[in-house]
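In what follows, chains carry the letters A, B, and so on, assigned in the order in which the sequence lines appear, proteins first and then strands, with residues in each chain numbered from 1. Just so it is clear, the values below take in all heavy atoms, side chains as well, and ignore hydrogens, waters and symmetry mates.
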There are 4 protein chains.
Amino acid sequence: MTDVGGIAADQLASYVERIEKLEEEKANLMADIKEVYGEAKALGFDVKILRQIIRLRKMEEHERIEQEEILDVYKRALGMV
Amino acid sequence: MTDVGGIAADQLASYVERIEKLEEEKANLMADIKEVYGEAKALGFDVKILRQIIRLRKMEEHERIEQEEILDVYKRALGMV
Amino acid sequence: MTDVGGIAADQLASYVERIEKLEEEKANLMADIKEVYGEAKALGFDVKILRQIIRLRKMEEHERIEQEEILDVYKRALGMV
Amino acid sequence: MTDVGGIAADQLASYVERIEKLEEEKANLMADIKEVYGEAKALGFDVKILRQIIRLRKMEEHERIEQEEILDVYKRALGMV
DNA sequence: CTGCCATTTTACCGGC
DNA sequence: GCCGGTAAAATGGCAG
C-alpha cells in the first residue's frame, strides 16, 4: 500500500504535480477576484458591502436548495415520497 | 461616494457579474482538486499526508526549516523530545 | 524572545496546560450538545432540521447586528456620523 | 414522526433552549481560549507553533510517530529529503 | 465502507 | 503592529 519505493514514487509525484497545477490556477483566480474588488474600491464602491452582496446572492441560491431539501424531508416524513 | 443611483448601478452590476463568474470557475477548480485527491486515495495514498506535503511544498524552504526548528524548540521545552 | 531554556519553558508549559484544560471543557460541551441532538433524534425529531433552526436563530441575531453595521457604514458615507 | 403539533412543540422548544444554552457556554470557552493565546503571544510565543503543539499533543504518541514516518517516506519519494 | 455534507479550525488580509 | 472579520482547509459525522 504505502511502499513508495518503486513506481509508486512516480505516481505520487504525478499527483502532487497535478494538484499543484490546479492550485496555482486557483490562486490566479483568487488574485483576479481580489483585483476586481480592488477596482471597484478604486471607483468608490464599498468592498465590505460588495462582499455581502455576493454572499447574499450565493445564499439565496443555497437557501432555495435548502428549502427544497427541507420540503423533501418533510415529504418523506409524511410518506409523500 | 456610495450613491449608487445613475450609471453607478451598471458598474456595480458589472462588478458583481465579473466576481460571480470568477467564483464559479474557482468552484470548478476546487472540485477538480478534490477529484484528484480522490483518485490518489483510490490508489492507496494517504490523503491527509498528501495534503501535508502540498502544504509544505508551498512554503519557502528556509521558512519551512525555521518553523520546524521553532517547533522542535517548543517540543524540547515541553519534554516531547 | 524565544529562548525556551530557562523560565520560559515553565511559561510555555503553563499556557499549554491552560489551553488544554479549556479545550477539554469545550470538548465536553460539544459532547453534551451532541447528546441533546441524539435525544431529540431518539424522540423522532429530525436533527438536520433542528440544526437549521438553531442556525437560523443565531443568524437572526447576527443579521440584526449586521444590518446595524451596514446602516452605520452608509451613515458614515453620508457624513451623518 | 415529525408531527410537531401538540406536546411535541414543547419538547422541541426545550431542546432548542438546551442547545442554545450549551452553545453559549461553548462560545464563552472559545473566547477564553483565544484570550490565552493572546497572552502567550504578548509574551513573545509563536501562536501558530503553539497551536501545532496543542494539535500534536492531542494525538496518541504512536499515532503521531506513525504519521511522521509516513510523511518522511513521502518526502523521500519526492526528493524533499 | 465510501463519499458527502456540516462543522470546526486555521490562515489570511484589510483597517485602525 | 494588532485585531477583526472573512475565506480555505481539514476534520468528523451521517447516510446510502
Side-chain angles (χ1 to χ4, degrees), chain A residues 19 22-23 26-27 29-31 33-35 37-38 40-42 46-56 58-59 62 65-66 69-70 72-73 76, chain B residues 19 22-23 26-27 29-31 33-35 37-44 46-56 58-59 63 67, chain C residues 19 22-23 26-27 29-31 33-35 37-38 41 46-56 58-59 62 65-66 69-70 72-73 76, chain D residues 19 22-23 26-27 29-31 33-35 37-44 46-56 58-59 63 67:
Chain A
I19 291 168
L22 290 168
E23 294 241 325
K26 180 156 76 83
L29 277 175
M30 286 170 70
I33 291 169
K34 199 171 162 185
E35 207 180 323
Y37 277 116
K41 179 177 183 177
D46 185 309
V47 171
K48 191 173 170 183
I49 305 286
L50 188 44
R51 281 187 189 278
Q52 278 175 1
I53 304 251
I54 298 290
R55 205 181 332 134
L56 284 176
K58 204 181 291 175
M59 262 206 274
H62 276 190
I65 306 283
E66 211 175 64
E69 280 176 0
I70 300 181
D72 200 59
V73 169
R76 286 173 195 281
Chain B
I19 292 168
L22 291 168
E23 295 241 324
K26 180 156 73 81
L29 277 175
M30 286 170 71
I33 291 169
K34 198 172 166 184
E35 207 180 322
Y37 276 115
E39 264 185 60
K41 179 177 183 174
L43 286 203
D46 186 315
V47 172
K48 194 170 168 184
I49 305 287
L50 189 45
R51 284 183 188 279
Q52 278 189 61
I53 293 278
I54 297 290
R55 214 183 319 134
L56 288 173
K58 226 180 261 175
M59 295 189 198
E63 189 186 3
Q67 292 228 355
Chain C
I19 291 168
L22 290 168
E23 294 240 325
K26 179 156 77 83
L29 277 176
M30 287 170 70
I33 291 169
K34 197 172 163 185
E35 206 180 322
Y37 278 115
K41 180 176 182 174
D46 185 309
V47 172
K48 192 173 172 184
I49 305 285
L50 188 45
R51 282 186 187 278
Q52 280 176 1
I53 303 253
I54 299 289
R55 201 176 340 130
L56 285 176
K58 203 181 290 176
M59 265 206 272
H62 276 189
I65 307 282
E66 210 177 64
E69 280 176 1
I70 300 182
D72 201 59
V73 169
R76 288 171 194 282
Chain D
I19 291 168
L22 291 168
E23 294 244 325
K26 179 156 76 83
L29 277 176
M30 286 170 71
I33 291 169
K34 200 171 164 184
E35 207 179 323
Y37 276 114
E39 263 186 62
K41 179 178 184 173
L43 286 204
D46 186 315
V47 172
K48 196 172 166 183
I49 304 289
L50 188 45
R51 285 184 187 280
Q52 279 190 59
I53 294 278
I54 297 289
R55 214 180 320 133
L56 288 173
K58 229 179 260 178
M59 297 189 198
E63 188 184 5
Q67 293 227 353

Spacing of Ile70(A) atom CD1 relative to dA6(E) atom P, expressed in whole Å: 11 Å
Let me know the distance between CG of Asp72(A) and P of dG16(F), rounded to the nearest Å. 11 Å
Look at the side chain of Lys41(C) and decide which nucleotide, out of dC13(E), dA11(E), dA15(F), has an atom nearest to it. dA15(F)
Is any side-chain N or O of Lys26(C) closer than 4.0 Å to OP1 or OP2 of dT9(E)? yes
Here the distance between atom C1' of dT11(F) and atom CG of Asp46(B), to the nearest Å, is 14 Å
Closest nucleotide of DNA chain F for Met30(B) versus for Gln52(A): which of these residues is on the 5' side? Gln52(A)
Just how far, in rounded Å, is C1' of dT11(F) from CD1 of Ile54(D)? 17 Å
Of dT9(E), dA6(E), dT6(F), the nucleotide closest to the side chain of Lys48(C) is dA6(E)
Closest to side chain of Lys34(A), choosing from dG13(F), dC13(E), dA9(F): dC13(E)
Spacing of Glu35(A) atom CD relative to dG14(E) atom P, expressed in whole Å: 13 Å
From the list dA10(F), dC12(E), dT7(E), which nucleotide is the closest neighbour of the side chain of Arg55(B)? dA10(F)
Roughly, in whole Å, what's the span from CD1 in Ile53(B) to P in dA9(F)? 17 Å
If you only use heavy atoms from C-beta on, which nucleotide in dA8(F), dA9(F), dT7(E) is closest to the side chain of Arg51(C)? dT7(E)
What is the distance from NZ of Lys58(D) to P of dT8(E), rounded to the nearest Å? 13 Å
